[in-house]
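Only one structure is covered here, and it is reproduced in the block below.
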2 protein chains.
Amino acid sequence: MAATARRAGLNRTKVLRAALELADREGVERLSMRRLGTELGVEAMTLYHYVPNKGALLDGLVELVVAAVRPGPPAGADDPVDDPTADDPAHWPARLRAFAVAFRTELLRHPGVIPLVATRPVGSPDALRAVEETAAALGRAGLPPLLALRIVNAVATFVIGHCLAEAATTPGHPEEPAPAPDLTGFPTLAAAVADGLGTPADHQARFDLALDALITGLAATPR
Amino acid sequence: MAATARRAGLNRTKVLRAALELADREGVERLSMRRLGTELGVEAMTLYHYVPNKGALLDGLVELVVAAVRPGPPAGADDPVDDPTADDPAHWPARLRAFAVAFRTELLRHPGVIPLVATRPVGSPDALRAVEETAAALGRAGLPPLLALRIVNAVATFVIGHCLAEAATTPGHPEEPAPAPDLTGFPTLAAAVADGLGTPADHQARFDLALDALITGLAATPR
DNA sequence: CGCTCTTTCTTACAGTGTAAGAGTGCCGTC
DNA sequence: GACGGCACTCTTACACTGTAAGAAAGAGCG
């Protein structure tokens, strides 16, 4: 009856991008259809023309994040233009490592979305292609497909688990700093905290430590 | 005005246990204060006398689950009564492994709660004690506290990441079986699926593969 | 008996996802 | 020009959520 309701020029991508931006800024739990609507200058129900329901919206966020993972050249490649490791099957550990690093970087760019990535199985073509490519590289090195995928999978789940913990203990913006628990009676823990456990540098160090251990351990796996 | 409202004999533990049972049976997303109330024969608001808010209830679930982790003796101990590895500092890898296995077992007993365990940082004394004990064992083997905790932490986050993926792709009871994505164009993936990728046995195999790789890799870490 | 404390219930409110349908404007075709 | 259909947006409504405020009912004690 009243106001005009001009077209807003939306599409699925714009909706998803706005949702991701909102989730990054205020946290997933504050991402509601109504809030996303007002963010886009539109009523909540309008969004249902671009997304069948909220679950699909969240899936879309995950899609957006994993699609942005762009593994750089493996560390140690001096000349990226003519990278000899790119086609050398023996260097799949370096490639796996580059994938893990890129994955973590992208996840930490969207801390609030990590629980979604961890929970919702990814079936998007982009993600499948990334997995297929990495696994195929291992296949070229002589690993059977099942083992190759187990390895890729193991690295991916490790990265997700790590980032989840990293993001959960780095509260980002919103809430109160979560009072540090009392560590009397836990000498090893207390000593480690005094040495920097839980700091950003420690997260980085822990990631590198475990990733190297995992990958060298996997590389030594009997075929 | 009407009905009598007899005492129900509740306490925090009973409430948490009922909540865990409900979450296991119907999934966390179906765990609401009102439903939990009717489960216990009580009105929703009554629960707020045992738990300050829903967040604390969820924290309590996590507490319950991690407190139930009981690492058995490390594999390979022939005589559990007089287990020589229990006090041998050199066997910390086996001990770590036992912890990881026990942790996974307990998590898979409560698939719906895994996302909570993954998201909510655990500060309960029980959990801290478990971490302290394991890390102290590594300390006795000569590792500095910070490194010891990084290692314990790495294993724990790996287990969580793995179980999250395992539980997410094993939909348990409720929803539709989630149509398998189209794998044409992804030959390595398709071959692996044909070889059993994603089956329960595969999850077990992948866990063992990655855990062994991680732990042997960590054991080879320079001090 | 009455006092006080604990436990329970009632009512209420703001916020959620979303089903159903009404309204508006654009576009192509007579 | 008028008209029919389509794409998009809004309105309204419902069942459900967490929880704040406070009333009532019982237990244990003087």
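So you know, we letter chains A, B, ... as the sequences are listed, proteins then strands, and number each from 1.
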[X] [atom1] to [N] [atom2], straight-line distance once rounded to whole Å:
X      : N       : atom1 : atom2 : value
E26(A) : dG15(C) : CD    : P     : 14 Å
L10(A) : dC8(D)  : CG    : P     : 9 Å
L36(B) : dT19(D) : CG    : P     : 13 Å
E43(B) : dA21(D) : CD    : C1'   : 16 Å
L40(A) : dT9(D)  : CG    : P     : 10 Å
R30(B) : dT16(C) : CZ    : C1'   : 16 Å

Partners meeting ring-ring contact (aromatic ring centres under 6.0 Å, His included) with Y50(B) (sequence neighbours left out)
none

Please confirm whether the shortest side-chain N or O distance from T46(A) to OP1 or OP2 of dC8(D) is below 4.0 Å.
no

Pairing residues for [X] by the side-chain contact (heavy atoms from CB on, under 4.5 Å) criterion, not counting sequence neighbours:
X       : value
P93(A)  : I215(A), A219(A)
V101(A) : R97(A), T105(A), F207(A), L211(A)
A154(B) : A210(A)
T199(A) : A201(A), D202(A)

Return the 5'-most residue of the pair G9(A), A44(B) with respect to DNA chain D, ranking by each residue's nearest nucleotide.
G9(A)

For nucleotides 13-16 of chain D, give me every protein contact, N/O to N/O, under 3.5 Å, one pair per line with atom names.
none

Can you pull out the residues from residues 110-123 of chain B that lie within a 4.0 Å heavy-atom distance of DNA chain C?
none

Using a cut-off of strictly less than 4.0 Å between a heavy atom of the residue and any atom of DNA chain C, enumerate the qualifying residues of residues 11-21 of chain B by number.
none

Under 4.0 Å between a Lys/Arg side-chain N and an Asp/Glu carboxylate O for [X] and [Y]?
X       : Y       : value
R25(A)  : E21(A)  : yes
E63(B)  : R120(B) : no
R104(B) : E166(B) : yes
E133(A) : R129(A) : yes

For residues 182-196 of chain B, tabulate all N or O donor-acceptor pairs below 3.5 Å that involve a side-chain atom, not counting sequence neighbours.
from, atom 1, to, atom 2, distance (Å)
D182(B), OD1, T184(B), N, 3.2
D182(B), OD1, T184(B), OG1, 3.3
D182(B), OD2, T184(B), OG1, 3.1
T188(B), OG1, E132(A), OE2, 2.8

DNA chain D-proximal residues of residues 47-59 of chain B, any heavy atom under 4.0 Å
Y48(B), N53(B), K54(B)

Across all chains, not counting sequence neighbours, the salt bridge (charged side-chain N to carboxylate O under 4.0 Å, His left out) partners of E43(B) are none

Side chain to side chain donor-acceptor pair (under 3.5 Å) partners for H203(A), two or more places apart
T169(A)

If only atom types and distance count, is the side chain of T157(A) paired as donor or acceptor with the main-chain N or O of N153(A) below 3.5 Å?
yes

